[in-house]
Amino acid sequence: MKKVITYGTFDLLHYGHVNLLEKAKSLGDYLIVVLSTDEFNLKEKNKTCYFKYKERKRLLEAIRYVDLVIPETCWEQKISDIKEFKVDTFVIGDDWKGKFDYLEEYCEVVYLPRTPEISTTQIKNDFKMKLQQAR
Ligand code: C2G
């Protein structure tokens, strides 16, 4: 069984995330999503999520491409995750290109093209703009 792993916040889940998860799954048979906890997001990414970890996990588990969702609590857990789950391929969007090349010692590293026109930040900004226009 070929195992694939990917990491992220996946807040306000959108089709850009699903595109990535679909492509990630197509690289193997089993996809593990390591989901950033609320604390990790706040402390390390300066992100306050709209949905809490439990809700983001629930949403990801409902996606047909996802086989397992586990917590991401620190930047450094990737090597131990890859070893623990005997992962063949690490996948992430190319906004991270080059940042995780060090993992090539442990598994294949694949940077996939992001879906350019959508992002959680943009969704939030669009909502703010529409609210202001409605006033
Ligand atoms: N993504 C994408 N297209 C978008 C938006 C996101 O392909 N329009 C991808 C990102 O490249 C990433 C995944 O979807 O691979 C999750 O995106 P984020 O939730 O923004 O993840 P990020 O904050 O980059 O966290 O340790 C690694 C980090 O946890 C990655």
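Please read all numbers here as calculations on a predicted model, not as lab measurements. Residue numbers count from 1 along this sequence. As the structure lists them, so they are numbered: ligands from 1, and atoms in each ligand from 1.
With hydrogens and angles left out, the side-chain atoms of D101 and Y111 include a donor and acceptor closer than 3.5 Å. In this structure, a donor-acceptor pair under 3.5 Å is present between the side chains of K45 and T9. Between T120 and D11, the side chains place no donor N or O within less than 3.5 Å of an acceptor N or O (distance only, hydrogens not considered).
Ring-centre distance between Y7 and F100: not below the 6.0 Å cut-off.
Residue pairs that meet the salt bridge (charged side-chain N to carboxylate O under 4.0 Å, His left out) test with at least one member in residues 59-80, sequence neighbours left out, are K25-D67, K57-E61, E72-K78.
Around ligand 1, the residues contributing at least one heavy atom under 4.0 Å from the ligand are Y7, G8, T9, F10, H14, G16, H17, L20, S36, K45, K47, E72, W75, K78, I92, G93, D95, W96, R114, T115, I118.
Note on D38 versus K52: no salt bridge recorded, every NZ/NE/NH1/NH2 to OD/OE distance being 4.0 Å or above.
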